[in-house]
K.L.:
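One structure coming up, written as structure tokens, with questions to follow.
Note that the structure is a prediction, hence the values are computed from the model and not measured.
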Amino acid sequence: MKERLERLTAKVKPLAHPAEEGLKELVAALARLGGQADEVQTFHAKAIANRMCDLYLSIIALERGQENDRNQRIAELFVRHVWERSLIDEQMVSWSNFDMIVGRSMSLSSRNQ
């Protein structure tokens with residue numbers, strides 16, 4: 001995962017910071033849990049697995065975000081959804097980019113089908 005994050009282009013690299021920090025936290029947690037009793041490792045297994053999934057899905061979104069502006073916005077929204085816990089979204093990115101993300105150029109009749 002670290003190598004894939006390092007290979008991201010400048011287009012999406014600024015969006016990767018939360019995932020990079022999450023990876024550092026995961027590595028530190030794994031180092032701390034290594035050698036612990038089985039029950040301690042089992043207790044933390046779900047949180048570790050969830051973090052690994054968040055990282056993997058974030059990396060996929062970021063890699064796809066390199067393809068075009070629409071995918072970049074989707075990656076930004078995904079990463080923010082996974083890693084930010086604020087109740088207030090000052091930038092309202094999903095709302096301000098709604099038309100681009102959902103492909104607003106579709107005709108009304110094709111949406112009603």
Side-chain angles (χ1 to χ4, degrees):
M1 288 190 270
K2 181 180 179 187
E3 291 172 6
R4 289 173 75 172
L5 284 168
E6 290 171 350
R7 286 194 304 259
L8 293 173
T9 63
K11 181 176 183 175
V12 297
K13 190 69 170 168
L15 304 175
H17 181 71
E20 292 166 340
E21 292 301 311
L23 180 57
K24 289 177 188 174
E25 183 182 28
L26 175 64
V27 169
L30 291 172
R32 184 172 175 199
L33 291 172
Q36 295 284 332
D38 287 348
E39 60 270 11
V40 173
Q41 291 182 5
T42 300
F43 178 83
H44 293 93
K46 183 178 180 188
I48 296 293
N50 286 338
R51 175 57 50 94
M52 290 173 74
C53 287
D54 289 344
L55 283 164
Y56 183 69
L57 294 172
S58 295
I59 291 167
I60 291 171
L62 290 162
E63 288 172 341
R64 291 202 60 210
Q66 299 171 118
E67 296 171 1
N68 57 52
D69 289 341
R70 178 178 179 268
N71 286 353
Q72 182 180 356
R73 289 293 181 217
I74 292 170
E76 179 181 359
L77 289 169
F78 182 83
V79 168
R80 292 179 75 202
H81 172 75
V82 169
W83 299 101
E84 291 183 13
R85 305 291 183 226
S86 176
L87 293 176
I88 305 296
D89 180 358
E90 298 291 340
Q91 297 176 352
M92 295 174 43
V93 176
S94 59
W95 179 78
S96 61
N97 292 279
F98 182 83
D99 290 341
M100 177 184 11
I101 291 168
V102 299
R104 192 63 119 156
S105 62
M106 295 184 332
S107 69
L108 243 164
S109 60
S110 66
R111 278 190 240 165
N112 292 330
Q113 295 176 1

K.L.:
Check A75 against G65 and note the closest heavy-atom contact, atom names and distance.
P.N.:
CB-CA, 4.2 Å
K.L.:
Would the distance check show the side chain of Q66 and the main-chain N or O of V12 forming a donor-acceptor pair, the cut-off being under 3.5 Å?
P.N.:
no
K.L.:
Yes or no on side chain to side chain contact (heavy atoms under 4.5 Å, CB included) for N71 and I74, after CA distance, side-chain angles and deciding distance?
P.N.:
CA-CA 5 Å; N71 286 353; I74 292 170; 4.2 Å; yes
K.L.:
In Å and rounded to the nearest 0.5 Å, what is the CZ to CG distance from R7 to L62?
P.N.:
13.0 Å
K.L.:
Please tell me whether V27 and L55 are part of a single hydrophobic cluster in this structure, the criterion being side-chain heavy atoms less than 4.5 Å apart.
P.N.:
yes
K.L.:
Out of curiosity, E20 CD to E6 CD, how far, rounded to the nearest 0.5 Å?
P.N.:
8.5 Å
K.L.:
If you count the non-hydrogen atoms of other residues, nucleotides and ligands that lie under 6.0 Å from CE in M52, is the total more than 12?
P.N.:
no
K.L.:
When rounded to the nearest 0.5 angstrom, what distance separates CD in Q41 from NE2 in H44?
P.N.:
10.0 Å
K.L.:
Does the pair F78 and D54 meet the rule for a side chain to side chain contact (heavy atoms under 4.5 Å, CB included), with working shown?
P.N.:
CA-CA 10 Å; F78 182 83; D54 289 344; over 6 Å; no
K.L.:
What verdict does the side chain to side chain contact (heavy atoms under 4.5 Å, CB included) test give for K11 and D69, after you've listed the backbone C-alpha separation in whole Å, the side-chain angles of each residue and the deciding distance to 0.1 Å?
P.N.:
CA-CA 9 Å; K11 181 176 183 175; D69 289 341; 3.6 Å; yes
K.L.:
About how many Å separate CZ of R73 and CG of L15, when rounded to the nearest 0.5 Å?
P.N.:
8.5 Å
K.L.:
OG of S58 to CZ of R80: how many Å apart, nearest 0.5 Å?
P.N.:
13.5 Å
K.L.:
How close do I48 and A29 get, heavy atom to heavy atom, and via which atoms?
P.N.:
CD1-CB, 3.9 Å
K.L.:
Would you check if I60 and R4 make a side-chain contact, meaning some heavy-atom pair closer than 4.5 Å?
P.N.:
yes
K.L.:
Is the backbone of L5 close enough, under 3.5 Å, to the side chain of K13 for a donor and an acceptor to pair up by distance?
P.N.:
yes
K.L.:
Using the side chain to side chain donor-acceptor pair (under 3.5 Å) criterion, which residues pair with E25? Sequence neighbours excluded.
P.N.:
R51
K.L.:
Do L57 and L77 sit in the same hydrophobic cluster, where Ile, Leu, Val, Met, Phe, Trp and Tyr count as joined when their side-chain heavy atoms come under 4.5 Å apart?
P.N.:
no
K.L.:
Just wondering, more than 12 heavy atoms not from R64 lying within 6.0 Å of its CZ?
P.N.:
no
K.L.:
Are L26 and V40 connected into the same hydrophobic cluster when the rule is that any two of I, L, V, M, F, W, Y join if their side-chain heavy atoms are below 4.5 Å apart?
P.N.:
yes
